[in-house]
Engineer: 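Got a structure here, written out as structure tokens. Questions coming.
Residue numbers begin at 1 in each chain, while the letters A, B, ... track the order of the sequences.
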Protein chains: 2
Amino acid sequence: MTDLLWGRQQPPSRGPKPAMTLDGIARAAIAIADAEGLDAVSMQRVAGELPFTKMALYRYVPGKAELVAVMTDLAMGLPPEHPERPWREALKTWALDLYAGFEMHPWLLLSTVGRRALGPNELTWMDRGVQALAGSGLNGGEQLDSLAVIAGHVRTIAQQSLTLPGGTTGTTEEDITATLTEVLSAQAERFPSLAAALGTAAGSENQGLEFGLDRILDGIELLITARKD
Amino acid sequence: MTDLLWGRQQPPSRGPKPAMTLDGIARAAIAIADAEGLDAVSMQRVAGELPFTKMALYRYVPGKAELVAVMTDLAMGLPPEHPERPWREALKTWALDLYAGFEMHPWLLLSTVGRRALGPNELTWMDRGVQALAGSGLNGGEQLDSLAVIAGHVRTIAQQSLTLPGGTTGTTEEDITATLTEVLSAQAERFPSLAAALGTAAGSENQGLEFGLDRILDGIELLITARKD
DNA sequence: TGAAACTGTGTCCGACGGACACAGTAATGT
DNA sequence: ACATTACTGTGTCCGTCGGACACAGTTTCA
């Protein structure tokens with residue numbers, strides 16, 4: 001698994017030249033996932049996009065889980081380059097870049113659940129994020145934990161606001177808020193605080209991302225300045 | 001779907017009495033998921049635990065997705081009761097209670113991805129959380145967004161530290177950190193900040209949960225006190 | 001010029017979710 | 001009382017999935 005993700009495979013000396021590449025397979029799979037969701041990615045379907053049969057893919061990938069891992073790291077890509085900035089701005093743009101990645105490939109929300117092997121691109125994202133906090137005075141664990149909070153928040157908001165195409169869970173946001181307000185109006189006495197909060201909540205456009213980020217960064221800043229003294 | 005979750009089904013007048021209950025089915029499914037992971041929950045398997053056939057379940061549940069939804073809300077349960085406390089402590093114990101829920105049923109991390117219909121228990125959790133911020137001076141949207149940040153962080157940490165039984169993604173934490181340190185020692189120059197951070201990171205026991213929570217709550221407190229002036 | 005190693009293919013399997021028709025059962029209307 | 005109606009649980013069947021395996025064709029090395 002790790003070998004696959006990190007491209008550690010010595011090319012064999014004998015035998016016919018491979019007609020496909022792992023990269024090409026993963027790209028085909030990514031195209032399917034982007035268009036129709038991760039559930040639409042089956043070995044048959046991927047092979048169908050390429051002029052090969054299903055079983056030929058297994059010469060490049062041990063199984064579907066590994067294919068998804070390769071897809072994931074490839075789709076994540078490298079984080080965009082930015083000029084050097086103070087840690088807070090750097091972290092904020094890092095988070096917005098990450099959100100843009102989820103926006104481009106919503107199925108990443110599904111393929112990155114649970115503990116899994118990390119690929120080079122994903123590790124580069126982490127490195128870039130930690131880099132922003134390198135001179136902050138926080139120790140390594142605190143830097144990693146801070147980054148986890150931010151990445152987790154980006155995930156949360158992406159999960160709330162993005163529509164996964166084709167997924168069985170693909171409920172429209174209007175649909176879900178519609179049933180929510182319906183239930184809440186019918187049983188307002190059962191969820192009084194929630195009903196009140198939803199009542200005074202304006203049509204919150206994606207301000208949830210910014211709001212949470214600012215809170216988190218405020219909290220981190222508080223710790224950093226406290227450390228500096 | 002919503003009808004199922006909220007128990008809105010009028011009992012039919014004619015015909016044989018149902019031999020099962022939706023609740024019983026969901027409990028059997030939860031037991032399987034707890035022991036062997038969510039992937040082990042198939043209609044066949046659930047029916048096998050009960051003295052009935054697979055197709056009999058479809059008299060109670062339209063499909064597997066709905067079964068998972070019912071399982072999810074049931075396993076989430078109601079949030080524990082706590083005496084009234086200031087908002088910050090209330091939110092913190094709310095978060096710890098939520099984490100305990102994920103600990104008890106790790107598959108909830110998988111079954112609660114993406115937008116989906118919310119059940120009564122889950123809504124009660126939300127209500128309880130918002131309740132803590134009711135008198136804080138934040139408006140409804142801010143209360144909901146704050147809660148989302150906290151819940152998202154709990155999810156993130158749970159995802160990092162909990163092992164999903166039976167899952168294909170079930171890699172051990174030691175295993176994953178082992179390959180991580182192996183890769184980082186081999187290519188330290190490629191991920192300098194990350195390598196440095198991991199170097200100075202002590203064996204971070206689940207302090208990630210507390211750390212992030214404190215940062216987030218600090219950030220929220222900052223906003224609240226700023227509002228109060 | 002074999003022999004060895006590798007590629008792509010075809011066939012087969014078990015498990016999955018689910019459609020559908022069927023027999024049995026309980027309440028209803030006449 | 002009895003037929004009708006509505007419901008329950010069952011058995012059979014289908015398409016799709018991931019994947020094991022044997023096989024034929026192709027390239028390279030001894």
Engineer: Starting from P on C/dA15, measure out to CE on A/Met43 and report it in whole angstrom.
Structural biologist: 20 Å
Engineer: What's the verdict on side chain to side chain donor-acceptor pair (under 3.5 Å) for A/Ser161 and B/Arg115, showing C-alpha distance, side-chain angles and the deciding distance?
Structural biologist: CA-CA 8 Å; A/Ser161 56; B/Arg115 273 197 306 261; over 6 Å; no
Engineer: Identify all pairs in which a protein N or O lies below 3.5 Å from an N or O of nucleotides 5-11 of chain D, and state each distance.
Structural biologist:
| from | atom 1 | to | atom 2 | distance (Å) |
| --- | --- | --- | --- | --- |
| D/dT5 | O2 | B/Arg14 | NH1 | 3.3 |
| D/dG9 | OP1 | B/Ala19 | N | 2.5 |
| D/dG9 | OP1 | B/Tyr60 | OH | 3.1 |
| D/dG9 | OP2 | B/Tyr60 | OH | 2.7 |
| D/dG9 | N7 | B/Arg59 | NE | 2.9 |
| D/dG9 | N7 | B/Arg59 | NH2 | 3.3 |
| D/dG9 | O6 | B/Arg59 | NH2 | 2.4 |
| D/dT10 | OP2 | B/Thr53 | N | 3.0 |
| D/dT10 | OP2 | B/Thr53 | OG1 | 3.0 |

Engineer: Can B/Thr179 and A/Thr2 be said to form a side chain to side chain donor-acceptor pair (under 3.5 Å), step by step?
Structural biologist: CA-CA 8 Å; B/Thr179 60; A/Thr2 316; 4.9 Å; no
Engineer: Figure out the CZ/P separation between B/Arg45 and C/dC16, and round it to whole Å.
Structural biologist: 9 Å
Engineer: Treating B/Asp127 as the side-chain partner and A/Ser193 as the backbone partner, does any N or O pair qualify as donor plus acceptor under 3.5 Å?
Structural biologist: yes
Engineer: Could you pull out the closest heavy-atom pair between A/Val149 and B/Gly212, with the gap in Å?
Structural biologist: CG2-CA, 3.6 Å
Engineer: Atom CD of A/Gln10 to atom C1' of C/dC6: distance rounded to whole Å?
Structural biologist: 13 Å
Engineer: The criterion is side chain to side chain contact (heavy atoms under 4.5 Å, CB included); which residues satisfy it with A/Asp97, sequence neighbours excluded?
Structural biologist: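 By the side chain to side chain contact (heavy atoms under 4.5 Å, CB included) rule, A/Asp97 matches A/Pro80, A/His82, A/Trp125.
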